[in-house]
There are 2 protein chains.
Amino acid sequence: MNAPLTLRDIARQAGVSLATVDRVLHNRPGVRPDTVRRVKDAMARSAFQPHAAASELARARSRRFAFVMPLGGNPFMQQIQAHLGELANWMAARRLTADVVTTDVFDPAVLAGKLEDLVGRVDGVAVVALDHPSVRAAINDLVESGAKVVTLVSDVPSSRRHHYVGIDNIAAGRTAGALVGRFAGGKTGRVAIMAGSQGLRDHAERIFGFSQVLAAEFRQLEVLPVAEGHDADDRSEHLMRKLLAEHHDIIGLYNVGAGTAGVAKALTESGRAGDIVFVGHDVTALTRKLLLSGVMHAAISQNPGHEARSAVRVLLALARGEPILSEQEAIRIDIVMRDNLP
Amino acid sequence: MNAPLTLRDIARQAGVSLATVDRVLHNRPGVRPDTVRRVKDAMARSAFQPHAAASELARARSRRFAFVMPLGGNPFMQQIQAHLGELANWMAARRLTADVVTTDVFDPAVLAGKLEDLVGRVDGVAVVALDHPSVRAAINDLVESGAKVVTLVSDVPSSRRHHYVGIDNIAAGRTAGALVGRFAGGKTGRVAIMAGSQGLRDHAERIFGFSQVLAAEFRQLEVLPVAEGHDADDRSEHLMRKLLAEHHDIIGLYNVGAGTAGVAKALTESGRAGDIVFVGHDVTALTRKLLLSGVMHAAISQNPGHEARSAVRVLLALARGEPILSEQEAIRIDIVMRDNLP
DNA sequence: TCAAAAATGAGTTGCGTACCTCAAAAATCG
DNA sequence: CGATTTTTGAGGTACGCAACTCATTTTTGA
């Protein structure tokens, strides 16, 4: 009844020596196919799993990961870094280190340079990536060098990165669209979109999804041309003010990226806060306040703690050659309203 | 710069022997307070963390957990069990086993009996608990016996359980209320509530939160008396049919528990599906279909995979005396619409 | 059939910790 | 001060696996 517990038991069951079991387990050469089968059968028969701790201890490798993140005050990115900090003990107990490298991710050459610097120096890299040929090439160089690479928040699907930790931004935009549409409650009017830049892949995808849903399901809502606030508060505020002044029939507002403080300020000072359905992204101190005060109606969010942990777990699993629990690592699109604020 | 890596290094730094470091690390008696301090200082100074794998290997204990779950076809509970099954390899590699014990959780005596049976036989228990004195006593007996206990989905706050894996059901109800209220778009009318039973703690809490929000923020919506479908499809269908026939001004519907198939059937056959805002719970094959077809507008959900993994992780951490990553283990209230279906 | 190649067995060492014993040293007390 | 108790040191074993060496057996091919 009780399954054999160690490699020794498997060896006995298969009628081979420990050495041969080891060879099979690690795909080392020099074992006849027939013998391989016998060993694998024995393992399968007793549902054998190597003892994870023993295996890790025997390897006794420490691993070095690097997180390449944007410079500047983007609250969401800072949250990810904060959560990374909370993982320090967990990682230390597993002899892992994670260095954060900040860089201007909007400049492909700079970003690619930072990535190239890491070639041969780390076991794994998580990078908030710009989708650009030189970045793609740098990622591929890293992969070539044996490092494991995950993209974080923003993907570079055409690269050879091993994994993407982040949400489907088209679906996120669609979700925002559905919320604005439904919350508008059948009324007719215009909807404003404030984005950082349509050149950013994630922003562009969100806008695409948003517009898609409004066009398909909420014909009574007309989408205004996208305003680009560059994720900056002042610029966003200015543009928002202008939009509100020009259009008195705005009943919905989708803030695609950051710059939320500016948007909210303009909206509040117009006196139309609460009446205009306002949907934005990410749960920060600010959006939390706006949700509670009723200025903002919903925030689309990806959990920064989950993303930090997932990136580390995935890099570790990749480095160890362990399987990835895909369901665990999938980042969900969270809809956050006042009543389910985390 | 590089931190010492092993207990040996700590011993050297503190000027004591390995044995003394071991005594301090495990709070064993027979060490002078002064010596304890020196050792702890040395650990702190170099931010020492014992190697997790080595520690686990040296203990070399296998642990037995039990999951006490409801009998019957509740899809959500089945999902949790399925996800538990997916963890089998992960657990096996850590020499953990999780036995699922099904029982009639609606009968306090039966449930308490099952729990008492486990006293002294397991290292940890996760239980979908009924909040009843005899169940509480059984939980306390388990804790007394040294087992770690987490409540799952439904809590027993007054017991000595170590942890609760599940959502805040009042907040979940409030969230449902906000969604129904907003989706109704300012229209006036009645809102129906279908629950399993108001005797179930989680259902009662959800109804409380739901009613709270509607009363406070959506005065134009009048809540009808709660119908109790006992989480059964046929009974729910019958009650729903009756409600729809009696009230032609129903514009919102909140399905608090299971029995969704019956509710949806009655709603669809009334020809009013899509017009009546329908919010329910949990993402199952059925609710997924209903969301996609537009019959259901939103589902409040707690991630069953997350709950299964969290229960196991928390039990393991408790058993090992490791800290719990509270942010990781918090179960979020997910709002799921057609566009962010996982 | 015999030499060469391939496959396998047997064994060792080390990973870092937990837990144990026993002796020696230091502190405490009357 | 000596006797007793407390504290500390030294050392060993075990945990299960990875990674290696080297000898031996088996298979293969000419």
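All values below come from the heavy atoms of this structure, side chains included, with hydrogens, waters and symmetry mates left out. Being a predicted model, the structure only gives us computed values, none of them experimental. Proteins get letters first, then strands, A, B, ... in listed order; numbering begins at 1 in each.
- Taken together, the paired segments of DNA chain D that extend over three or more consecutive Watson-Crick or G-U pairs, each closer than 3.5 Å at both contacts, are C:1-30 with D:1-30.
- No option in Thr284(A), Val283(A), Asp282(A) other than Asp282(A) meets the side-chain contact (heavy atoms from CB on, under 4.5 Å) test with Phe76(A).
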Quick tally for nucleotides 8-21 of chain C: nucleotides whose base has a protein heavy atom under 4.0 Å get B, sugar-phosphate-only ones S, the rest -, giving BBB---BBBBSB--
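- The distance from atom CZ of Arg28(A) to atom OG1 of Thr20(A), rounded to the nearest 0.5 Å, is 11.5 Å.
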List the steps and the verdict of side chain to side chain contact (heavy atoms under 4.5 Å, CB included) for Glu329(A) and Val165(A). CA-CA 8 Å; Glu329(A) 308 308 348; Val165(A) 176; over 6 Å; no
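- By the 4.0 Å N-to-carboxylate-O rule, Asp123(A) lies too far from Lys148(A) to be salt-bridged with it.
- Pairs engaging residues 40-57 of chain B under the salt bridge (charged side-chain N to carboxylate O under 4.0 Å, His left out) rule: Glu56(B)-Arg320(B) [sequence neighbours left out].
- For the pair Arg12(A) CZ and dG16(D) P, the computed distance is 13 Å after rounding to whole Å.
- Note that NE2 of His51(A) and CG of Leu57(B) are 6.0 Å apart. Values are rounded to the nearest 0.5 Å.
- By the 4.0 Å N-to-carboxylate-O rule, Asp117(A) lies too far from Lys114(A) to be salt-bridged with it.
- From Phe67(A), atom CZ reaches atom CG of Leu152(A) across 6.5 Å, with rounding to the nearest 0.5 Å.
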